2 protein chains.
Amino acid sequence: MEPYKELIGKFQEILKENSLKMTKQREIILQTIYEYEGHFIPEGLHKKVQESYPELKVGIATIYRTLQLLESENIVTSISFGANGKKYEYGGKDHHDHMICNKCGRLIEFCDDTIEKQQEKIAKKARFKIVNHSMQIYGICQECQENKK
Amino acid sequence: MEPYKELIGKFQEILKENSLKMTKQREIILQTIYEYEGHFIPEGLHKKVQESYPELKVGIATIYRTLQLLESENIVTSISFGANGKKYEYGGKDHHDHMICNKCGRLIEFCDDTIEKQQEKIAKKARFKIVNHSMQIYGICQECQENKK
DNA sequence: CTTATTGCAAACGTTTTGCACGTTT
DNA sequence: AAACGTGCAAAACGTTTGCAATAAG
């Protein structure tokens, strides 16, 4: 995975290009996301940031504003859950999709070239310009199948 | 497409199995969904129901409660838009996935056998039991590409 | 010194809930 | 009669916004 140094350099470039400023908050948020294992929700990120840097009193609004910025730059990606908000993850890994367990909520990652290529074909036919895509398979994960009660 | 008579029969069975009751509201909502062309949001469904049966004063809560029930029985399916709610559609048609225009919000349907089969392969490998799946391709639809400003 | 960014609290839109009243079984 | 469903209003939820104060360029 991309080293943190590279990531923050890329972020600084993006900021410069858009006449935005590098702040302590943005740096901490980026770092916390980079170090986050797996998927997270804005509130969880907020708690982690507050725990690590209580003296800064980072507000939840800043978390949301920064996530918006990072998502628009494809540094993080998100999956929506209707009224239940979004889950985010750091996007520096390879592209992948998710299987989502209906019982325990776990996200299992996968990626598949055949599907990726097929998507491109479909979009081309409809003259649809792909920006992004996501695919979810819902069901029951192996563990929950075994723990059935 | 499945005739309405069959649909309502199926619905009545589901209700009986779960010791739920058939009400005027549930019937009207089911019928309105069946007749809905394309995708809808809960508020739109609510308006349509109210217009057709103003004397019943169906509340938005009943719409949400009924949609929950119908979705859990796979009679409708939904796509989430994070904080922006969900779009629903009647699920009695053949399975299909969506391309979603980031500009105008339009949903374009497609379906593809290659992808469907590939999904099954992937799930089998992970011993994940598929209940459902959904796939979205985000981007810009043809029309919005032409109307670019 | 100009402009962007922040935290806070209030506002927002969607969805859910508590409750007394109605309806279905 | 018992159990479930309803409309209503209020609450809850995740998210966004207005604003005065603060910090970065």
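All chains are named by letter (A, B, ...) in the order of the sequence lines, taking the proteins before the strands, and each is independently numbered beginning at 1. Bear in mind that the values here come from a model prediction, so they are computed numbers and not experimental data.
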Look at the rings of Tyr34(B) and Tyr4(B) and say which category their plane angle falls in: under 30° parallel, 30 to 60° tilted, over 60° perpendicular. tilted
Would you sort out whether Glu89(B) and His98(B) count as a side chain to side chain donor-acceptor pair (under 3.5 Å), showing the intermediate values? CA-CA 12 Å; Glu89(B) 71 182 320; His98(B) 296 98; 3.1 Å; yes
Could you state the OH-C1' distance from Tyr64(A) to dC12(C), rounded to the nearest angstrom? 13 Å
Integer-rounded Å distance: dT16(D) C1' and Leu67(A) CG: 13 Å
Spacing of Lys86(B) atom NZ relative to dT14(C) atom P, expressed in whole Å: 14 Å
Just how far, in rounded Å, is P of dT22(D) from CZ of Arg65(A)? 16 Å
Using only atom types and a distance under 3.5 Å, with no angle test, would you say the side chain of Arg65(A) pairs donor to acceptor with the backbone of Ile60(A)? no
Salt bridge or not between Lys125(B) and Glu120(B)? Use side-chain N to carboxylate O under 4.0 Å. no
Could you report the tightest heavy-atom contact between Ile28(A) and Thr32(A), atom names first, then the distance? O-OG1, 2.7 Å
Let's see if you get this right: which residues in residues 42-61 of chain B place a heavy atom under 4.0 Å from DNA chain C? Pro42(B), Glu43(B), Ala61(B)
Does the ring of Tyr36(B) carry Lys48(B) above it, NZ/CZ under 6.0 angstrom from centre and within 45° of its axis? yes
Under a 4.5 Å side-chain heavy-atom rule over Ile, Leu, Val, Met, Phe, Trp and Tyr, are Val49(B) and Ile41(B) clustered together? no
Kindly state which residues belonging to residues 17-28 of chain B come within less than 4.0 angstrom of DNA chain C, counting heavy atoms of the residue only, listed by number. Lys21(B), Met22(B)
Give the rounded distance in Å between these two atoms: CG of Leu15(A) and P of dG25(D). 9 Å
In this structure, how many angstroms lie between the C1' atom of dT15(D) and the CD atom of Glu71(A), rounded? 13 Å
Do side-chain atoms of Asp97(A) reach the backbone of Met135(A) as a donor and acceptor pair under 3.5 angstrom? yes
Donor-acceptor under 3.5 Å (Arg26(A) side chain, Phe11(A) main chain): no
For Gln68(B) and dT14(C), what is the distance between atoms CD and P respectively, to the nearest whole Å? 17 Å
Rounded to whole Å, how long is the line connecting atom CG of Leu69(B) with atom C1' of dG5(D)? 12 Å
